[in-house]
Amino acid sequence: MSADIERFVAGLAAELPGWLPGQRWFAGKDRPITGVTPLGTTVLLDGDPLLLHVVVEVAQGDRREPYQLLVGRRSHPPEVPAASWIGALGGYEATGDADLTAVLLDLMVRGERVGSLDFAREPGVELGRDLRARPITSEQSNTSLVYGGQYILKLFRKLSPGENKDLLLHRALQAAGCEHIAPTLGSITGELAGKPATIGMLQQFLSDAVDGWAMATTSVRDLMAEPELGPDEVGGDFAGEAERLGRAVATVHADLARALDTEPIDDDELARTVGAMTERLDDVAARVPELVPHVPGLRAAFEAIRSAPANSITMQYIHGDLHLGQVLRTVNGWLLLDFEGEPAAPVEERHALRSPLRDVAGMLRSFDYAAQQLLVGQDADPLLTERALEWARRNRAAFCDGYAKVADEPIGDPRDHGALLRAFELDKAVYEVAYEHANRPDWLGVPLSSIAWITQGGE
Ligand SMILES: Nc1ncnc2c1ncn2[C@@H]1O[C@H](COP(=O)(O)OP(=O)(O)O)[C@@H](O)[C@H]1O
Ligand SMILES: O=P(O)(O)O[C@H]1O[C@H](CO)[C@@H](O[C@H]2O[C@H](CO)[C@@H](O)[C@H](O)[C@H]2O)[C@H](O)[C@H]1O
């Protein structure tokens with residue numbers, strides 16, 4: 001690497017503490033950055049334009065996390081949003097520059113290795129050439145580029161050594177013939193701490209798909225427009241879709257249990273689960289005062305799982321952050337996306353075997369979110385609040401009905417595991433309190449009101 005590039009990267013690293021917090025995908029917005037150190041730079045295009053893949057370590061006190069960046073520099077840069085310029089060195093975040101991102105697909109087509117980066121197609125996959133990319137605009141924890149409306153390349157922002165769980169589970173499900181995922185077409189592997197690390201995943205882009213959040217919130221909007229009618233009477237009832245979604249999630253769980261490791265849950269595991277949920281609660285309550293009044297009710301709900309029948313659940317790989325924004329409805333049915341798990345959780349935790357009821361709980365939370373989102377920032381209206389609750393109840397029940405039709409014992413109907421399901425739902429809501437506090441403070445009331453409702457005995 002030339003001295004010019006080395007100087008350029010060192011200059012970028014100095015600018016990053018000011019720039020990173022403005023990026024949607026940067027997960028460390030909750031505490032100040034104390035330093036940024038370049039860990040590795042790969043030159044993907046040399047000269048003018050210059051395209052660099054840069055891995056940096058971001059220090060926030062004693063927390064140190066690696067992130068990847070794609071950086072462009074050229075004498076005639078395209079119009080990129082002001083927020084893409086990293087300081088005043090002429091370097092910019094290049095995921096929005098289609099001339100430069102074309103290089104990534106081209107390297108995958110050719111299956112090349114550049115420095116420590118390996119661009120590979122999945123066995124038997126042929127890829128089209130010369131497709132230009134546009135970044136997707138939805139709220140994301142990572143950055144995804146859509147090539148010619150055919151492929152979607154996800155660049156994982158926060159990196160960890162090893163095969164990314166999203167890729168691992170997609171590959172396992174694909175090998176198991178699962179119909180509820182998008183086909184994986186390729187991957188990019190880099191190096192971290194001397195070990196291979198997944199940095200990108202290419203999948204088929206489903207251009208005819210609508211995400212579950214958009215569908216569900218449209219249904220809620222229809223209901224709110226005619227508050228005198230019930231959710232089954234207005235147009236756009238979502239319950240049929242919720243039921244099909246429940247079946248799809250149960251099928252994915254069954255496929256994952258067949259394809260990968262499982263283990264029975266025992267009393268020690270239940271005790272560890274209570275410990276982990278309580279620890280998260282204490283951590284979030286220390287940062288978010290609005291949660292404090294709910295702590296006793298939450299602790300009691302977590303403690304209640306100690307008496308769950310030991311053989312009631314098998315631990316397995318699960319999605320880990322399932323919500324309506326992670327599912328797509330195509331003409332053929334529901335697909336699940338993004339098996340990485342909670343973006344804020346440490347990687348070992350995301351890879352741990354867990355109860356599939358956690359995914360069910362995540363989706364139940366999402367029905368509450370969809371029902372409540374139109375009420376955010378509005379004056380309380382008892383009629384609309386009641387309608388929102390009705391919508392949530394109806395769709396939560398339909399989802400569980402669908403899940404129960406497919407899931408074998410020991411799970412069967414998720415509602416038969418009341419204490420566990422309730423505890424997992426509340427644990428997710430505590431996670432959401434932290435998430436909203438850090439990202440969307442206006443929405444904090446959504447998980448908080450559910451916590452109040454559930455801990456006071458609401459179903
Ligand atoms: N295969 C696909 N086909 C169509 N859209 C997709 C596909 N994969 C992802 N998306 C869209 O991209 C969004 C972000 O993808 P996701 O995997 O959840 O990224 P992140 O990990 O950054 O949250 C999804 O909500 C969905 O709208
Ligand atoms: O970025 P990810 O999709 O991996 O997930 C994070 O962001 C989600 C919001 O975009 C957040 O989900 C929460 O809000 C959703 C509505 O916007 C709602 O449907 C979910 O139920 C709720 O948890 C998710 O928690 C977070 O990890």
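Being a predicted model, the structure only gives us computed values, none of them experimental.
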Expected output: side-chain Arg244 to main-chain Gly333 donor-acceptor under 3.5 Å
no

Just verifying a value: how many Å separate His437 NE2 and Arg287 CZ, rounded to the nearest 0.5 Å?
8.0 Å

Distance-only check: which donor-acceptor pairs under 3.5 Å involve side-chain atoms of residues 104-111, not counting sequence neighbours?
residue : atom : partner : partner atom : Å
Asp106  : OD2  : Arg110  : NE           : 3.4
Asp106  : OD2  : Arg110  : NH2          : 2.6
Arg110  : NH1  : Glu112  : OE2          : 2.2

Taking the side chain as everything from C-beta on, heavy atoms only, tell me whether Asp46 gets closer than 4.5 Å to Ile5.
yes

Would you say the side-chain atoms of Ser450 pair up with the backbone N or O of Val446, donor to acceptor, closer than 3.5 Å?
yes

Identify whether the distance between the nearest side-chain nitrogen and carboxylate oxygen of Lys405 and Asp401 falls below 4.0 Å.
no

Using a 3.5 Å distance criterion without hydrogens, assess whether the side chain of Tyr67 forms a donor-acceptor pair with backbone atoms of Ala27.
yes

Indicate yes or no for a side-chain donor-acceptor contact from Glu191 to the backbone of Ser116 under 3.5 Å, with no hydrogens or angles considered.
no

Identify the heavy atoms of Thr101 and Thr95 that sit nearest to each other, and give their distance.
CG2-O, 3.6 Å

Ion pair check, Arg358 and Asp427, cut-off under 4.0 Å:
yes

Kindly indicate whether the side chain of Gln378, heavy atoms from C-beta on, has any atom under 4.5 Å from the side chain of Leu384.
no

Check: Thr184/Arg171 side-chain N/O donor and acceptor closer than 3.5 Å
no

Using the salt bridge (Lys or Arg N to Asp or Glu O under 4.0 Å) criterion, which residues pair with Asp166? Sequence neighbours excluded.
Lys154

What are the two closest non-hydrogen atoms of Ala102 and Tyr147, and how far apart are they?
CA-CE2, 4.3 Å

Charged N-O contact under 4.0 Å between Arg247 and Glu243
yes

Got a salt bridge between Asp368 and Arg396, using NZ or NE/NH1/NH2 to carboxylate O under 4.0 Å?
yes

Is the side chain of Ser366 donor-acceptor paired with the backbone N or O of Leu324 at a distance under 3.5 Å, no angle test?
yes

Flag side-chain contact, heavy atom, 4.5 Å: Gln68 against His53:
yes

Side chain of Thr143, backbone of Leu155: donor and acceptor closer than 3.5 Å?
no

Backbone of Leu328 reached by a side-chain donor or acceptor of Asp211 within 3.5 Å:
no

So does Val9 get a backbone contact from the side chain of Arg7, meaning a donor-acceptor N/O pair under 3.5 Å?
no

Looking at CG of Asp283 and CD of Glu279, how far apart are the two atoms once the value is rounded to the nearest 0.5 Å?
8.0 Å

Can you say whether the rings of Trp334 and Phe238 are parallel (under 30°), tilted (30 to 60°) or perpendicular (over 60°)?
perpendicular

Ignoring hydrogens and geometry, is there a side-chain-to-backbone donor-acceptor pair from Asn142 to Arg157 under 3.5 Å?
yes

Find out whether Phe424 and Val360 are in side-chain contact, i.e. whether some heavy atom of one side chain is under 4.5 Å from a heavy atom of the other.
no

Closest approach of Ala257 and Gln316, non-hydrogen atoms and distance?
CB-OE1, 3.6 Å

What orientation do Tyr403 and His253 show, parallel under 30°, tilted 30 to 60°, or perpendicular over 60°?
perpendicular

Output for pair (Tyr369 OH, Trp443 CH2), nearest 0.5 Å, gives 7.5 Å

May I ask you to test the Leu16-Ile33 pair for a side-chain heavy-atom distance under 4.5 Å?
no

Shortest non-hydrogen contact between Pro135 and Gly96, atoms and distance:
CG-CA, 3.9 Å

Is any side-chain N of the basic residue among Asp99 and Arg132 closer than 4.0 Å to the acidic one's carboxylate O?
yes

Aromatic plane relationship, His170 with Phe339 - under 30° parallel, 30 to 60° tilted, over 60° perpendicular:
perpendicular

Test side-chain contact (heavy atoms from CB on, under 4.5 Å) applied to Ile188 and Leu153, Asp118, Val114, the passing residue
Leu153

Do Ser449 and Gln372 get their side chains close enough for a donor-acceptor pair, meaning under 3.5 Å?
yes

With a 6.0 Å cut-off (strictly less than), is the heavy-atom count around CG of Asp130, excluding the residue itself, greater than 12?
no

Expected output: side-chain Arg350 to main-chain Glu342 donor-acceptor under 3.5 Å
yes

Who are the side-chain contact (heavy atoms from CB on, under 4.5 Å) partners of Val146, not counting sequence neighbours?
Arg134, Ile136, Ile152, Phe205

Atom pair CG/CG of Leu260 and Leu353 - distance to nearest 0.5 Å
9.0 Å

